[in-house]
2 protein chains.
Amino acid sequence: MSREESRGRPATDKVGTICRALRRAIIEQALEPGAKLPEDALGERFGVSRTIARHALGQLAAEGLVELRRNRIAVVATPSWQEARDAFDIRIELERLVVRQLAGRLTKAQIAQLHAHVDAEDEARNGPDPVSIRLATEFHILLATMTESPILIRYVSEIAYRCCLTLSLFSRPHSSECAINEHRLLIDALAKGDAEAVVALMHHHLDSVASRALVAQTRPRGRDIMDILAPYAEPLRPAPPARRAASPVAGKDSRRKAAN
Amino acid sequence: MSREESRGRPATDKVGTICRALRRAIIEQALEPGAKLPEDALGERFGVSRTIARHALGQLAAEGLVELRRNRIAVVATPSWQEARDAFDIRIELERLVVRQLAGRLTKAQIAQLHAHVDAEDEARNGPDPVSIRLATEFHILLATMTESPILIRYVSEIAYRCCLTLSLFSRPHSSECAINEHRLLIDALAKGDAEAVVALMHHHLDSVASRALVAQTRPRGRDIMDILAPYAEPLRPAPPARRAASPVAGKDSRRKAAN
DNA sequence: GCGGCCGTAACTGCATGCACTTTACATGCC
DNA sequence: GGCATGTAAAGTGCATGCAGTTACGGCCGC
């Protein structure tokens, strides 16, 4: 999805460019969950036609970052708590696969690259929260990339982005120091090559990230009144088909600001 | 992706319709890997404009069933052997998650539904190969659906389809009897509720499906001369970036027939 | 007879335009 | 004053048209 024409220019791949931009904006919380993404606005902003913007939204929707409702403005996805939990469960399994494949197989250059990345995380520690969240996420994606398995890379990236989005919804102020340390431990274990140890480390790392974030169904940090009220609204309508706490109310609109 | 307007008509969701049709055509091998998918032809066939066909192709590409190369006709994906192996590895982990979640939690109705599906597989045993492959795949998707976790459903479906596509490439005539039996065993274990046992069963099942299919790098059943020759063509070009046995040659064209 | 070149047909990339749906607001009724 | 209603604006769904790229087949030189 991304590795294409890697040297040179992006070969005028407009859809890809927009996707990348939006992905990044979303995971850095420049676009909060629920934010509107009108096709025209996007098109104008990126200097393309609605057709292209629309196509990009389609891709993002396939990745689960955007919600597409027929005849309605697309919005940044607002994962439910349960979905977040599921996402982390899947992520744990996938990343287990990653590190198992990587343990003891990393070149010196790769290890250096990983260290460099964690250094960057360290520097960003006092910067804005969203950036450090993004960097932490990208560390995992970097790991996945090193497996050179396109499928694994794609899935880990996708699910990591989704988890990242989740964090922006549920997580409290975010304490990243320990996560950074755990990243360092991971690298060391990977270099040493003890597969089982590194798998255990990764499992523990993700588990604790998840629990730090998803502490007992804390309601989404008061973003939209409609969302918050959703669980209480059940008995009115005939029977909103949401069986699994998938937010039953679309959520009218939280903030005015959209793409610009 | 699918649960929308579940009763009534598909709400004129043209893209979705085309996607479903193509997916099915692909996994039933009506469209073989490498088959061309020109936008106009698709549009004409389904009575829509190129725009829609194009959008559908985009979605399918995001799922990995279709390959999209800039300025070139889209083709049905041709996974390399290594990709197939990776896909199965991931699939094993994901389905492990599925059955662990399902063990002992299935309703009587669900168990009946599963049995019914396997019965259908049984009936199709003497029919055309592709159909029985599709049914076997859909059994796993049915299982995933029962978790009611949208993310898990999506990933399992996607990867199952990819594996299915792979089978059509690498598998020999296909012996489905044992697979059917294994499906029955799985249902029984799920009903009984012994999580560990059912996880082990699923692992073994998928593993044996994979090895039956991917026996030691059997070259893709002579489909396209160019593909077959691909591994031998290495030393000519400056250095085709394929490091991981991702088919380095695009494959010119195998058969004239495209969508119709 | 064979290999390279070129013109044409096929196809994709993208923007624009029109019809229909939803949303927002202002007006009028109670 | 509050609520319902109608109407205009905003936005999506989709087709079509044009420009640029690629693929193909014949033609020419050798």
Side-chain angles (χ1 to χ4, degrees), chain A residues 4-5 8-19 22 34-62 66-76 224 226 249-260, chain B residues 4-5 8-19 21-22 34-62 66-76 224-226 249-260:
Chain A
E4 189 85 4
E5 298 275 347
R9 86 219 54 93
T12 184
D13 173 12
K14 314 210 185 194
V15 203
T17 308
I18 298 184
C19 279
L22 285 182
K36 294 184 181 180
L37 304 168
E39 297 174 358
D40 329 350
L42 261 55
E44 191 178 350
R45 193 76 195 73
F46 289 97
V48 299
S49 81
R50 265 194 335 116
T51 311
I52 304 305
R54 181 184 186 73
H55 204 83
L57 285 176
Q59 298 296 310
L60 260 12
V66 159
E67 262 170 56
L68 236 40
R69 300 112 82 220
R70 186 174 179 85
N71 279 326
R72 277 195 186 59
I73 304 184
V75 296
V76 175
D224 185 297
M226 293 306 287
V249 150
K252 279 191 71 103
D253 174 21
S254 47
R255 269 142 180 72
R256 170 105 328 189
K257 79 172 170 189
N260 38 15
Chain B
E4 187 85 6
E5 297 275 345
R9 85 217 57 91
T12 183
D13 171 13
K14 314 209 186 193
V15 204
T17 309
I18 298 183
C19 279
L22 284 183
K36 294 185 184 181
L37 302 168
E39 298 175 358
D40 327 343
L42 261 54
E44 192 178 350
R45 194 75 195 76
F46 289 98
V48 299
S49 82
R50 264 196 335 114
T51 310
I52 303 305
R54 182 182 185 74
H55 204 82
L57 285 176
Q59 298 296 309
L60 259 14
V66 158
E67 263 170 56
L68 236 40
R69 298 112 84 220
R70 186 175 179 83
N71 280 327
R72 278 197 186 58
I73 304 185
V75 297
V76 175
D224 185 300
I225 310 175
M226 294 306 288
V249 150
K252 281 191 65 109
D253 173 23
S254 48
R255 271 145 178 71
R256 171 102 331 187
K257 76 171 169 189
N260 39 14

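In the text below, chain A, chain B and the rest are named by the order of the sequence lines, each starting its count at 1. The figures that follow rest on heavy atoms only: side chains count, while hydrogens, waters and symmetry mates do not.
Of all the heavy atoms in Ala53(B) and Gly43(B), the pair that sits closest is CB-N, 3.9 Å. Considering every non-hydrogen atom in both Ala56(B) and Ile18(B), the closest pair reads CB-CG2, 3.8 Å. Residues Ala62(B) and Ala62(A) share a closest heavy-atom pair of CB-CB, 4.3 Å.
The closest side-chain heavy-atom distance from Leu42(B) to Leu22(B) is below 4.5 Å. A 4.5 Å side-chain heavy-atom check between Gln59(B) and Gln59(A) finds at least one atom pair inside the cut-off.
At whole-Å resolution of the value, CG in Asp40(A) and C1' in dT12(D) are 8 Å apart. The distance between atom CD of Glu44(A) and atom P of dA10(D), rounded to the nearest whole Å, is 13 Å. One interatomic measurement links the two molecules: CG of Leu37(A) to C1' of dA10(D), which rounds to 16 Å at whole-angstrom precision. If you measure from atom CD1 of Ile73(B) to atom C1' of dA9(C), you get 12 Å, rounded to the nearest angstrom.
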Taking only nitrogen or oxygen atoms into account, show me every contact under 3.5 Å that the protein makes with nucleotides 6-8 of chain D, one pair per line with its distance.
none

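Fit an axis to the five pairs at each end of the helix from dG1(C)-dC30(D) to dC30(C)-dG1(D) and the two axes sit 0° apart, to the nearest 10 degrees.
Contacts of Arg54(B) classified as salt bridge (charged side-chain N to carboxylate O under 4.0 Å, His left out), with partners at least two apart in sequence or in another chain: Glu39(B). Every residue two or more places apart in sequence or in another chain that forms a side-chain contact (heavy atoms from CB on, under 4.5 Å) with Ala74(A) is listed here: Leu37(A), Leu57(A), Val66(A), Leu68(A). Applying the side-chain contact (heavy atoms from CB on, under 4.5 Å) test to Ser49(B) and every residue at least two apart in sequence or in another chain returns Thr51(B), Ile52(B).
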Next item on the list: Let me see the working for Val75(A) and Arg69(A) under side chain to side chain contact (heavy atoms under 4.5 Å, CB included), right down to the final yes or no.
Entry: CA-CA 9 Å; Val75(A) 296; Arg69(A) 300 112 82 220; 3.7 Å; yes
Margin query: Treating primed atoms plus P, OP1 and OP2 as sugar-phosphate and everything else as base, which nucleotides of nucleotides 13-21 of chain D get B, S or - for protein heavy atoms under 4.0 Å?
Written below: BBBBB---S
